[in-house]
Amino acid sequence: MPRYNPATIEPKWQAYWEQHRTFAAPRMPAAGKPKLYALDMFPYPSGDGLHVGHPEGYTATDIVCRAKRMQGVSVVHPMGFDAFGLPAEEHAIKTGEHPRVQTEKNIATFRRQLKMLGFSYDWSRELATTDVAYFTWTQWIFLTIYDTWFDREQQKGRPISELPIPSHIADQGAAAIHAYQDEHRLAYQTEAPVNWCPALGTVLANEEVKDGKSERGDHPVVRMPLRQWMMRITAYADRLEKELEPLDWPEGVKALQRNWIGRSLGAEVDFAIRGGAKLPARDSLRVYTTRPDTLFGATYMVISPEHAMVSTLTTPEHKAVVKAYCEQAAMKSDLDRTELAKDKTGVFTGSYAINPVNGEAIPIWVADYVLATYGTGAIMAVPAHDERDFEFATKYNIPIKQVVASKDGEEVTLPFCEQGVAVNSEKFDGLPTAEFKKKITAWLAEQGLGREAVNYKLRDWLFSRQRFWGEPFPLLHELDAAGNKTGRVVAVPKESLPVDLPHLDDFKPHGRPEPPLDKAPEEWLYPVIDGVRYKRETNTMPQWAGSCWYYLRFLDNKNSHAVIDHEIEKAWMPVDLYIGGAEHAVLHLLYSRFWHKVLYDRGVVSTPEPFQKLVNQGMILGENGEKMSKSRGNVVNPDEVVREYGADSLRLYEMFMGPLPDSKPWSMEGVSGVRNFLGRVWRLIIDEKADELCLSEALVDDAPSDEDLRMLHATIRAVTEDIDRLSFNTAIARMMEFVNHFTRLDRRPWACLQPFVLLLSPFAPHAAEELWQVLGHATTLAYEPWPEYDEAYLKSDTIELPVQVNGKVRGKVTVAADADQLTVLAVAKADGRIAEYLTGKKLVKEIVVPGRMVNFVVAG
RNA sequence: GCCGGAGUGGCGGAAUGGCAGACGCGCUGGACUCAAAAUCCAGUGCCCGCAAGGGCGUGAGGGUUCGACUCCCUCCUCCGGUACCA
């Protein structure tokens, strides 16, 4: 009867924890105690339910939280749902059911599954990004960002009311001032291309488009510009890069972020224009280059098809060709312009630019290998020292002029893109690249022809979506008497939030590229305030919005007066441990950091960074070593694992598979292995053959032997340290050794087994609680003091040392643990086999590593 | 191409300058049983050997060191990310 049966004990303890609110975290960390904010990346509640990948990171944080509570730390460990998302909206389009219905269902499934796994979340802090009470504050933060401009001098976001207004603007009156402010806000409007699918009557996300066709239905998709909201994340590029440095994050993730931000240092150079039909002499073309030292090798210029000067630079005889080329380029998607079109194309404009360093006239081309959105959208092309320019110049027979030679004077094959020394560069010849860059940049600056410049790969963040199921923007567009937008945008006052989603009769696309909220009822869409008629903003926010700041709301999720209470924020932030998938290494973390920095600048939060320590769990692969997916048929369902083996086994197995950050394949036999371990733990303490649940007869009051104590204290130390290192697989291995040792004994000292149950409890909390109860305790072990180890028990009187001869182990000797080196050497030499190896040889060197080994180096 | 991570028994993995393979799976043998399951005990890198013992061995090659899975150099393979950013 009393076999280890997770199916009964797991629900029992889950109910106990819930009833006793065992894991409710205090509003503020306990005074005088250290705090721990341990956070899981909250899941998107998909219709498929929990995946076995989810509990991996969740178990890791849970183990840390449970151990830390027992170590007297104030712990907050919340969970919630990133619940906006496309699938619910698609379901709504198909069925007419409100996306909220499907979303709530999915959340209920996720919640049930998470509870089934026994995580010690404080469920009273639960939130979903789709809760109106939550997105009220998402909208509040949006308005704060909207109300902020970035002061470059102070490198800080400031209220728009503090934006200095130039007098020539102020002179033009209120409308001009308003427009000027709008240009400087961190949230601003622009025209940006979207993927419009006429057949589906909707705008598609990039990932919904495959080869210019819709993924669903394979209908043609066209790119068309649409009014969109952007976030000026580029203003924070420098800080986002620099403030990454001190964070305790994986180096790989930091590198990814740095790379994504892509800061580069170079120079802007102005090339005067010559030969254009109607060009005044002062006109010039500005380029950005990271290699100003190659200026003497510039043999042509390229502007992107979207460059503002395309038409002015095109001479009449080239007009038709250039126009055709630009139109064609506009049709291409980003993908077509990069991957699919490795072959470079371009057309000559008919104009020439004057190279400022040598006065040479060089042709200006239009080519789509130059991006409008990077640098100035124009380049000086140096085919000898740039692969792309080399390819282009070769194709169009443009001269290639070498201006950098290798440092060692060896011949180089062009294009030569490394650093070297200058040649064919007049008075600069012989200068090493780095030095030349500095000199020429200074010279250009002196001449007023250029200046040092920094550029970023990072682009501003396209923040609007043409979707229903997202947070509405709390913004109004003023309308004139004719019902047209005046261009003036007004924020909904923060006191009037939330702006809830309107009722729609159905969710079918209305067939226009404008967002679905354009279908909203008049009374929602056209509010009248103080006699002025407005149209609401109908774009909605992207899924990122809700996940950008949820870590703050967890700390004060019921607050109806503020995003978060200051005192609470100060006391709990930052997040001390953040665990989640590597797929969020760039965007989620970057966006979140950006919002956090704005909130920091605006005094809402007190730390410059939200996440102090970050860990990415590895991917769990299918039994065949491939990525788990329905199509591969190798998906493991956590419900089934729990039914068959129990939640404790699932938790333990996922931690035992290997190091947390590694990818590792699933193995049901492995699950069965840890299930077996839990059975052994059970039998260590419980009499399985008795009719009633009672302690094993082997459990006795005997004083533990030295060996028992050594095992216990070694286990305490290893498990404690391994939890701190997040090295859960080795912690479990050490507990298995403990169990192997004591299983062999038919008299098992109580004094050793009881602390062991506490060590096990963060990993297999249900089994541990049950054992703890059988051991005679009336309440949960969740706050029992964590066992401490005593060095004294770890020491042994004698130790066995391997003895090497020339680095090969040839014997072992036993010596007193505190034996000095001479004694150790003497004992080692006296050993029969070692003596054999030493006789007749010349002893060159003797090495003793105290407590580790002895090595004799012999010759001859 | 570039950036990041990883290559160790039949398998998952351990050891971050000091006995390679902890722990688990699998496999083999034994105990218990009428038998099986369950459980418990023992063994298990490869090669030679009855054994004692010896040789080989951490993707490949080189180097540093008394000693290298671990540090350095060159290269190969796999996984993940990214790609005309001038």
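In what follows, chains carry the letters A, B, and so on, assigned in the order in which the sequence lines appear, proteins first and then strands, with residues in each chain numbered from 1.
Ring geometry for Tyr300(A) against Trp365(A) counts as perpendicular: the plane angle is over 60°, on a 0 to 90° scale with 30° as the lower cut.
Spacing between rG24(B) and rG17(B) at atom P, rounded to whole Å, works out to 26 Å. For rC71(B) and rC19(B), the P atoms lie 16 Å apart once the distance is rounded to whole Å. The separation of rC11(B) from rG61(B), taken at their C1' atoms, amounts to 29 Å, rounded to a whole angstrom.
Not one side-chain nitrogen or oxygen of Asn616(A) sits closer than 4.0 Å to the OP1 or OP2 atom of rG4(B). Within the structure, a side-chain polar atom (N or O) of Tyr837(A) is placed less than 4.0 Å from OP1 or OP2 of rG54(B). Close to rA22(B), at under 4.0 Å from its OP1 or OP2, lies no side-chain N or O of Asn729(A). Distances shorter than 4.0 Å separate some side-chain N or O of Asn676(A) from OP1 or OP2 on rU39(B). Note on Arg810(A): a side-chain N or O is less than 4.0 Å away from OP1 or OP2 of rG54(B).
As judged by a 4.0 angstrom heavy-atom cut-off over every strand, Ser264(A) is placed among residues touching the sugar-phosphate backbone only. Within 4.0 Å of Pro250(A), counting heavy atoms only, lies no atom of the nucleic acid at all. Among the heavy atoms of the strands lying under 4.0 Å from Lys664(A) are primed sugar atoms or P, OP1, OP2 only; no base atom is included. Heavy atoms of Asn740(A) sit under 4.0 angstrom from primed sugar atoms or phosphate atoms, though from no base atom.
Anti is the conformation of rG7(B), whose glycosidic angle sits further than 90° from 0.
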Test salt bridge (Lys or Arg N to Asp or Glu O under 4.0 Å) on Arg734(A) and Asp722(A) and set out the steps.
CA-CA 10 Å; Arg734(A) 297 308 290 263; Asp722(A) 284 351; 5.9 Å; no

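Residues meeting the side chain to side chain donor-acceptor pair (under 3.5 Å) test with Lys812(A), sequence neighbours left out: none.
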Quick one: side chains of residues 654-663 of chain A, donor-acceptor pairs under 3.5 Å with protein atoms, not counting sequence neighbours, listed by atom name and distance.
| from | atom 1 | to | atom 2 | distance (Å) |
| --- | --- | --- | --- | --- |
| Glu654(A) | OE1 | Glu56(A) | N | 3.0 |
| Ser663(A) | OG | Met619(A) | N | 3.4 |

